[in-house]
Protein chains: 2
Amino acid sequence: MGISERKERERQEMINLILDEAMKLFIEEGYENVTMRKIADRIEYSPTTIYLYFKDKTEIFSELLNIAFDKFYEAQMSVQYIEDAKEKLLAHGIAYVKFAVSNPNYYDLMFIMKDPTANMKCPDDWKTSTRTYDLLKKNIQECIENGYLEEVDIEVAAFTMWSHVHGIASIMIKRGFMIPEAFREYLIYNSIQYGFKGLFIK
Amino acid sequence: MGISERKERERQEMINLILDEAMKLFIEEGYENVTMRKIADRIEYSPTTIYLYFKDKTEIFSELLNIAFDKFYEAQMSVQYIEDAKEKLLAHGIAYVKFAVSNPNYYDLMFIMKDPTANMKCPDDWKTSTRTYDLLKKNIQECIENGYLEEVDIEVAAFTMWSHVHGIASIMIKRGFMIPEAFREYLIYNSIQYGFKGLFIK
DNA sequence: TGACAAACTTAACGATGTTAAGTATATTTG
DNA sequence: CAAATATACTTAACATCGTTAAGTTTGTCA
């Protein structure tokens with residue numbers, strides 16, 4: 001009997017409908033503009049219907065978070081084809097910041113916002129997030145092997161590069177107005193260049 | 001007649017009382033736990049009384065922001081006595097992050113939170129914030145003069161160091177749970193060391 | 001002492017997330 | 001095929017939030 005399959009399918013469609021509209025609201029207007037009632041308006045159901053598919057608002061955002069991390073990972077992967085380890089590492093950093101500034105709400109959700117995942121058991125749920133960090137470490141390792149970087153604690157090196165690009169990203173997203181618009185791109189590019197290059201020995 | 005003076009004094013005391021309690025609530029429990037009603041409870045007045053002294057909630061936070069920037073500036077100044085320009089620059093960076101992690105709510109307010117100053121006219125009100133950035137640039141200038149740094153666009157150098165320490169600070173504050181507790185201090189110190197040192201030529 | 005202004009409170013509005021109780025629809029069972 | 005039941009959804013309500021309007025108390029000055 002395909003009847004329970006159909007029901008499961010319909011349920012999944014409803015879940016996706018909710019997530020899609022929540023995501024649109026979120027991307028367009030940011031976290032504080034995603035309200036249960038606004039989502040309900042968009043999907044043309046009553047607000048309480050949402051609670052039949054999600055425990056609460058944070059569960060919706062946990063799902064959006066996973067989607068965001070996937071896109072984030074893809075953005076980083078788009079640069080992994082580069083042969084030269086040094087060039088790749090630089091491109092990696094630039095891709096990181098580029099993703100952040102062109103998807104500010106995703107980035108906010110992933111790394112800045114009061115963690116909507118406070119209720120999540122970390123080890124499993126953050127798998128998608130460590131994936132990109134592992135990629136960075138791999139690239140650093142490659143640089144060491146090719147003599148571009150001296151042999152250092154790879155954790156320190158990775159954290160240093162991460163904190164640098166994260167710093168750029170979050171300044172641009174949260175306090176970008178402090179920097180003249182025309183100056184921002186220049187600053188992003190040259191800062192990554194300047195900061196990373198200092199670490200290279202060749 | 002000292003009567004209007006007394007009234008003005010009493011008014012100022014009320015303003016300070018409100019700010020003090022708001023600040024305590026804010027430091028202890030963060031932004032979202034500061035509500036007009038909770039402040040009212042603490043000062044033992046009705047919620048609406050607060051509106052006789054502050055236009056709205058954001059005006060209270062604008063005041064807290066100024067106080068925070070002052071403390072921040074002081075924290076940076078506490079390291080300016082150091083003679084050697086290179087040592088001073090490193091200490092500056094460490095002092096920055098130290099302030100941030102030991103005053104996470106201040107730091108959040110200053111550089112991370114959805115700007116509570118959106119209604120403020122930037123040029124004047126951000127004076128207190130550019131003050132510390134000018135200090136950083138001065139220290140960098142000194143390093144150049146002493147041959148510690150090559151002659152670079154000072155704006156790029158300052159932004160690079162800022163984004164690095166800001167990155168460290170905001171990771172620790174917002175996603176510190178991703179890093180083992182025992183590892184954090186090590187990472188902070190060594191990352192600043194590693195990142196900054198790379199920029200020096202001597 | 002009475003007029004008036006300042007300080008403060010009570011009550012309410014519209015928004016939020018969320019829950020409890022009720023209704024309509026679809027499926028299963030006799 | 002009709003009655004029983006489970007599923008999907010809605011209405012109404014609660015407590016909380018920032019904020020406003022209207023009313024009350026208090027203190028100052030003529």
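Lettering of chains follows the sequences in order, A, B, ..., and the numbering in each one begins at 1. All values below were derived from every heavy atom in this structure, side-chain atoms included, with hydrogens, water molecules and symmetry-related copies excluded.
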In whole Å, I'd like the distance from the [atom1] atom of [X] to the [atom2] atom of [N].
X	N	atom1	atom2	result
A/Tyr45	D/dT7	OH	P	18 Å
B/Glu8	C/dA6	CD	P	13 Å
B/Leu52	C/dT9	CG	P	9 Å
B/Glu32	D/dT16	CD	P	17 Å
B/Glu10	C/dC8	CD	C1'	14 Å
A/Arg11	C/dT27	CZ	P	16 Å
B/Asn33	D/dG18	CG	P	11 Å
A/Met14	D/dT10	CE	C1'	12 Å

| remark: Sequence neighbours excluded, the answer for side-chain contact (heavy atoms from CB on, under 4.5 Å) partners of B/Lys86 is B/Asp84, B/Tyr148, B/Lys197, B/Phe200
| request: Kindly write out the residues that satisfy side-chain contact (heavy atoms from CB on, under 4.5 Å) with B/Tyr53, not counting sequence neighbours, or none if the list is empty. | output: B/Arg11, B/Met14, B/Ile15, B/Ile18, B/Thr49
| All salt bridge (Lys or Arg N to Asp or Glu O under 4.0 Å) counterparts of A/Glu151, not counting sequence neighbours | none
| task | Could you tell me which residues satisfy salt bridge (Lys or Arg N to Asp or Glu O under 4.0 Å) with B/Glu155, sequence neighbours excluded, listed by chain and number? | result | B/Lys137
| Inter- and intrachain pairs under salt bridge (charged side-chain N to carboxylate O under 4.0 Å, His left out), touching residues 73-82 of chain B, at least two apart | none
| Could you give all pairs that pass the salt bridge (charged side-chain N to carboxylate O under 4.0 Å, His left out) test and reach residues 100-110 of chain B, with sequence neighbours left out? | B/Asp108-B/Lys174
At a cut-off of 3.5 Å, list every protein nitrogen or oxygen paired with a nitrogen or oxygen from nucleotides 19-26 of chain C, distance to 0.1 Å.
none

| task | Have a look at B/Phe54 and say if it touches a base, only the backbone sugar-phosphate, or nothing, with a 4.0 Å heavy-atom cut-off. | result | nothing
| Is it true that the NZ or CZ of B/Lys57 lies under 6.0 Å from the centre of B/Tyr31's six-membered ring and within 45 degrees of the ring axis? | yes
| Within 45° cone and under 6.0 Å: A/Lys98 NZ/CZ vs A/Tyr189 ring | no
Can you name the ring pair (Phe, Tyr, Trp, His ring centres under 6.0 Å) partners of [X], sequence neighbours left out?
X	result
A/Phe159	none
B/Tyr186	B/Phe183
B/Phe99	B/Phe72

| request: Have a look at the helix from C/dT1-D/dA30 to C/dG30-D/dC1 and give the angle its two end axes make, five pairs each, rounded to 10 degrees. | output: 30°
| Between residues 35-44 of chain B and DNA chain D, which residues have a heavy-atom gap below 4.0 Å? | B/Thr35, B/Met36, B/Arg37
Taking only side-chain nitrogens and oxygens of [X], does any of them come within less than 4.0 Å of OP1 or OP2 of [N]?
X	N	result
B/Tyr53	C/dC8	yes
A/Thr49	D/dA8	no
B/Ser46	C/dT9	yes

| field | Polar contact flag, side-chain donor to acceptor under 3.5 angstrom, B/His164-B/Ser191 | value | yes
